[in-house]
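First comes the structure, then the notes that go with it.
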Amino acid sequence: MKRKLNFFLITVIVMFFAIAADVFIIYQLESYETRFLEIYGSEQDGYVNIILGQINDLGDDATEQDITEIISSLDATASRYWTLSKGDSILFVKSVTETNRYKGFTDGTYYASETASEFMNSLGVNQVGHRIIYLDRDRFIASGMIFNWREEQYRVCLLTYDRVILEDNVLLECKNAIIIILSIILALLVILSMVMSRKINRQGRQIEEQEKHVVWQNKQIALLDEHLKREYAFSASKNVFKSVVLDEFLERLDEKNVSPLHFAVFKADSVEAKDEFFEHMQLVLDNHVLRFSMEDQYVLLIFVGYEKKDSDKIIDTLWDWNVHEAGNLYCEDNMKSYKIQFEQFWKAVSVQ
C-alpha cells in the first residue's frame, strides 16, 4: 500500500511539474514576443527618422498639405500605417478615407486607450520613441515623435500590428518548433518518472534493510563528533597558537555560538619567562582554555564556557614575579561578535 502511494505521489508531482513548466513556457514565449516587438520597434524608429528628414527637406515654401501628402504617399495597409496630428487635431490616419472619418476629432479620440495615451504623452521633440500599445483589443508596436513646423508642433506616428511581425513564417515556425519539442520533452519526463518511480518502489525493501545500518552509522558519527567537540577540534591543552590564527578561532566560536568567553592577557618580563609560563599552563589548565602567543612578551588565554567566578579564581593564581596580568575581559555572549569585543579590549591592553 505504501509503495503504491509513493508511486501515485511521484506521478502527481511530475504531472504538476509538467503543468507548471507549460505555464512557464507560455509566459516565457509571451515575454519573448514582447522583447521581439521591442527590437522591431527600435528598427521602426529609424524609418520614422527618415520621414522626418524628408519633411525637413521640403523647405520654407512648403505647406501643411505638403507634409500630409508625404505621409499619405507612404505604403500603408490595415496592419501598418501612419498617423499625423497637429496639437490635438488629427490631420491624417491610415488613408484619405480613414482620415475623413476622424475629421474634427482630437487625437485623443483615436489614441483612446491608456497605453496609447501614455505613448502620445511620452513623445519628445525630434526624438523618436516606441512603445507597445493597445487600440481596442489589438496590439501594436508604435513609433513616433514630435517635430516643429512653422512654430507649430506635429506628432507623426507609425503603427504596426503585432501579428504582422509575430506571424512571420520563419518566426512562427521557430515558435511552433519550440512548443512541439518542449511538449515532447515534458511527455517523456512524465513517462520516465512513472518508470523510475516503479523502479524505486522495487528497491524499497533494500532501503528498509539498510536503514538500520544507517541508523547505527549515524550514532557512531554522533559519538565521534561529540568526542571531537570535547577535544575542541584542536588540542588546546597541548598547543600554543600564534596570534595570526586568533581571528579564525574567534569566528568559529561565533559560528558555534559558544559562550561565555573570558579573555585574559599576561605580560612576561622576558622570552624565557614567557616560555616557562606556557609550560606551567600545560599542567594547570584544561582543554577548554586556548593559549595564544601574542606580540612581544604578551600571552593571551581564552577561557571557554567558564563562569566568571571560576575563571577569575584561576587567573588570580597564574601570574608570578616574572609574568603579571595586563587585563581581562569577560564576554557573556556574542551579541556583539567576539572579534570586535576582543579588538577593543586588545587596544586598551596593548597600549599600557
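Basis for what follows: all heavy atoms, side chains included, without hydrogens, waters or symmetry-related copies. Just so it is clear, the model here is predicted, and its values are computed rather than measured.
Between Gln54 and Ile70, the shortest heavy-atom distance links the atoms OE1-CG2, 3.9 Å. Across Asp45 and Ser143, no two heavy atoms sit closer than the pair OD1-OG, 2.7 Å. When all heavy atoms are compared, the tightest approach of Ala264 to Ile315 is CB-CD1, 3.6 Å. Heavy atoms only, all atoms of each residue included: Tyr306 and Tyr330 are closest at O-OH, 3.1 Å. Between Thr99 and Ser95, the shortest heavy-atom contact is OG1-O, 2.6 Å. Closest approach of Cys331 and Pro260 over heavy atoms only: O-CB, 3.1 Å.
Using a 4.5 Å cut-off on side-chain heavy atoms (C-beta onward), Ile133 and Leu159 make contact. No side-chain heavy atom of Ile302 sits under 4.5 Å from any side-chain heavy atom of Val289. In this structure the side chain of Leu301 reaches within 4.5 angstrom of the side chain of Arg291, judged on heavy atoms. Using a 4.5 Å heavy-atom cutoff, the side chains of Glu151 and Asn148 are not in contact. Looking at Tyr111 and Cys157, their side chains come closer than 4.5 Å, going by heavy atoms from C-beta outward. Counting only heavy atoms from C-beta outward, the side chains of Val125 and Gln153 approach each other to under 4.5 Å. Taking the side chain as every heavy atom from C-beta outward, Met294 and Val265 never approach each other to under 4.5 Å. Residues Trp216 and Lys219 fail the side-chain proximity criterion, which asks for heavy atoms closer than 4.5 Å.
Going from atom CG of Asn334 over to atom CG of Leu253 covers 9.0 Å, rounded to the nearest 0.5 Å. Between the CH2 atom in Trp149 and the CD1 atom in Ile67 there is a gap of 5.0 Å [rounded to 0.5 Å]. Taking NE2 from His288 and CG from Leu285, the interatomic distance works out to 12.0 Å, rounded to the nearest 0.5 Å. Glu295 CD to Trp346 CH2: the interatomic distance, rounded to the nearest 0.5 Å, is 5.0 Å. For the atom pair CE (Met145) and CG (Asn49), the distance works out to 5.5 Å, reported to the nearest 0.5 Å. Gln297 contributes atom CD, which lies 13.5 Å from atom CZ of Phe277 (distance to the nearest 0.5 angstrom).
Not a single donor-acceptor pair under 3.5 Å links the side chain of Lys308 to the backbone N or O of Glu332. Between the Asn239 side chain and the Phe241 main chain, no donor and acceptor come within less than 3.5 Å of each other. With Gln44 contributing its side chain and Leu158 its backbone, the two residues share a donor-acceptor pair below 3.5 Å. Listed for the Glu325 side chain is no donor-acceptor partner under 3.5 Å among the backbone atoms of Trp319. Although no hydrogens or angles enter the test, the distance criterion places no donor-acceptor pair under 3.5 Å between the side chain of Ser85 and the main chain of Leu91. Looking only at distances, a side-chain donor or acceptor of Asp333 sits under 3.5 Å from a matching main-chain atom of Met335.
Transitive grouping of hydrophobic side chains (ILVMFWY, heavy atoms separated by less than 4.5 Å) brings Leu318 and Phe278 into a common cluster. Hydrophobic clustering, with ILVMFWY side chains joined whenever heavy atoms are under 4.5 angstrom apart, groups Leu74 together with Tyr154. There is a path of hydrophobic side-chain contacts, each under 4.5 Å, that joins Val284 to Val323. Grouping the Ile, Leu, Val, Met, Phe, Trp and Tyr side chains by contacts below 4.5 angstrom, directly or via other members, places Tyr298 with Val245. Follow the hydrophobic side-chain contacts under 4.5 Å out from Ile340 and you never reach Phe345; the two are in separate clusters.
In this structure Ser89 satisfies the side chain to side chain contact (heavy atoms under 4.5 Å, CB included) test with no other residue, sequence neighbours excluded. Listed by chain and number, the residues in a side chain to side chain contact (heavy atoms under 4.5 Å, CB included) with Ile132 are Thr34, Leu37, Glu38, Arg139, Ile141 (sequence neighbours excluded). Under the side chain to side chain contact (heavy atoms under 4.5 Å, CB included) criterion, Asn100 pairs with Val96, Lys103, sequence neighbours left out. Shown here are the side chain to side chain contact (heavy atoms under 4.5 Å, CB included) partners of Gln65, two or more places apart in sequence or in another chain: Thr63, Glu69.
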Step by step, work out the side-chain contact (heavy atoms from CB on, under 4.5 Å) result for Lys336 and Gln344. CA-CA 12 Å; Lys336 186 177 182 181; Gln344 295 173 348; 3.0 Å; yes
Quick one: do Arg252 and Glu255 satisfy salt bridge (Lys or Arg N to Asp or Glu O under 4.0 Å)? Show the steps, please. CA-CA 5 Å; Arg252 290 189 62 183; Glu255 291 172 0; 5.8 Å; no
Take Leu250 and Gln341 through the side-chain contact (heavy atoms from CB on, under 4.5 Å) test and state the conclusion after the steps. CA-CA 10 Å; Leu250 295 179; Gln341 294 183 72; over 6 Å; no
Under the criterion side-chain contact (heavy atoms from CB on, under 4.5 Å), I'd like the reasoning laid out for Ile71 against Ile51: C-alpha separation, chi angles, the key distance, then a yes or no. CA-CA 8 Å; Ile71 301 299; Ile51 300 306; 3.9 Å; yes
Would Val156 and Leu52 count as a side-chain contact (heavy atoms from CB on, under 4.5 Å) here? Give the steps. CA-CA 9 Å; Val156 59; Leu52 177 62; over 6 Å; no
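Here the rule is ring pair (Phe, Tyr, Trp, His ring centres under 6.0 Å) with Phe249, and of Phe342, Phe292, Tyr338 only Phe292 fits it.
If you check the side chains of Asp162 and Tyr40, you find no donor sitting under 3.5 Å from an acceptor.
Counting only residues at least two apart or on different chains, the salt bridge (Lys or Arg N to Asp or Glu O under 4.0 Å) pairs with a member in residues 111-125 are Glu118-Arg131. Residue pairs meeting the ring pair (Phe, Tyr, Trp, His ring centres under 6.0 Å) criterion with at least one partner in residues 68-95, sequence neighbours excluded, are Tyr47-Trp82.
More than 12 heavy atoms of other residues, nucleotides or ligands sit less than 6.0 Å from atom CG of Asn121. Atom CD of Glu307 sits in a sparse spot, with 12 or fewer heavy atoms from other residues, nucleotides or ligands closer than 6.0 Å.
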